[in-house]
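Everything on this sheet refers to the single structure shown next.
Predicted, not measured: the structure shown is a model, and the values here were computed from it. Because only heavy atoms are used, hydrogens play no part in the values below, and waters and symmetry mates are left out as well, while side chains stay in.
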Amino acid sequence: ALTRVAKTPLQLGEALTKPLTGVYSHHITYKGKEFRIAYLVQVEANHVVVLLIGPHENFYKKLKNLLYAK
């Protein structure tokens, strides 16, 4: 899944909305369980920065805490 994200990140992922604007999410199923990959795309540098990979349960809450922890 990471290889596919690296090759076509803008087409493969779903652009998230506020407060996660700029972050993309790709959904995968592994052994019958739903997982998410959250990442940023740096087009100018031709980079994909993976922020978080984990099970769907509480994923976006964990992502928000990671990005906006005080």
Side-chain angles (χ1 to χ4, degrees):
L2 288 174
T3 302
R4 290 191 311 259
V5 167
K7 288 181 181 178
T8 57
L10 297 175
Q11 294 80 13
L12 194 60
E14 172 186 330
L16 301 179
T17 58
K18 288 183 181 179
L20 298 171
T21 303
V23 177
Y24 289 81
S25 175
H26 177 57
H27 306 182
I28 60 172
T29 302
Y30 180 71
K31 293 188 177 182
K33 295 185 181 183
E34 293 290 321
F35 288 85
R36 301 292 185 260
I37 302 171
Y39 58 93
L40 298 170
V41 179
Q42 298 175 338
V43 176
E44 304 81 27
N46 199 30
H47 290 152
V48 174
V49 179
V50 176
L51 301 171
L52 184 65
I53 300 172
H56 180 253
E57 186 175 334
N58 296 318
F59 181 81
Y60 296 104
K61 181 178 180 180
K62 291 176 187 176
L63 181 59
K64 287 177 196 175
N65 288 338
L66 175 71
L67 294 176
Y68 302 111
K70 295 181 181 181

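No side-chain donor-acceptor contact under 3.5 Å links Y60 to the backbone of L20.
L10 and V49 are not part of a single hydrophobic cluster, where members link through side-chain heavy atoms under 4.5 Å apart. A continuous path of Ile, Leu, Val, Met, Phe, Trp and Tyr side chains, each step under 4.5 Å between heavy atoms, connects F59 with L51, placing both in one hydrophobic cluster.
The distance from atom CZ of R4 to atom CD of Q11, rounded to the nearest 0.5 Å, is 14.0 Å. We find the NZ-CG distance between K64 and L52 to be 13.0 Å, quoted to the nearest 0.5 Å. With rounding to the nearest 0.5 angstrom, the CD1 atom of I53 is 4.5 Å from the CG atom of L2.
Screening residues 41-56 for side chain to side chain donor-acceptor pair (under 3.5 Å), with sequence neighbours left out, gives R36-H56.
Atom CD of E34 sits in a crowded spot, with more than 12 heavy atoms from other residues, nucleotides or ligands closer than 6.0 Å.
Between Y39 and Y24, the ring-plane angle classifies as parallel under the 30° and 60° cut-offs.
Here the closest non-hydrogen pair linking V41 and P9 is CG2-CB, 3.7 Å. The heavy-atom pair separating A1 from I37 by the smallest distance is CB-CD1, 3.9 Å. Contact record, L12 with V5: CD2-N, 3.6 Å, taken as the closest heavy-atom pair.
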With side-chain contact (heavy atoms from CB on, under 4.5 Å) as the criterion, how do L40 and V48 come out once you've worked through the C-alpha distance, each side chain's angles and the decisive distance to 0.1 Å? CA-CA 6 Å; L40 298 170; V48 174; over 6 Å; no

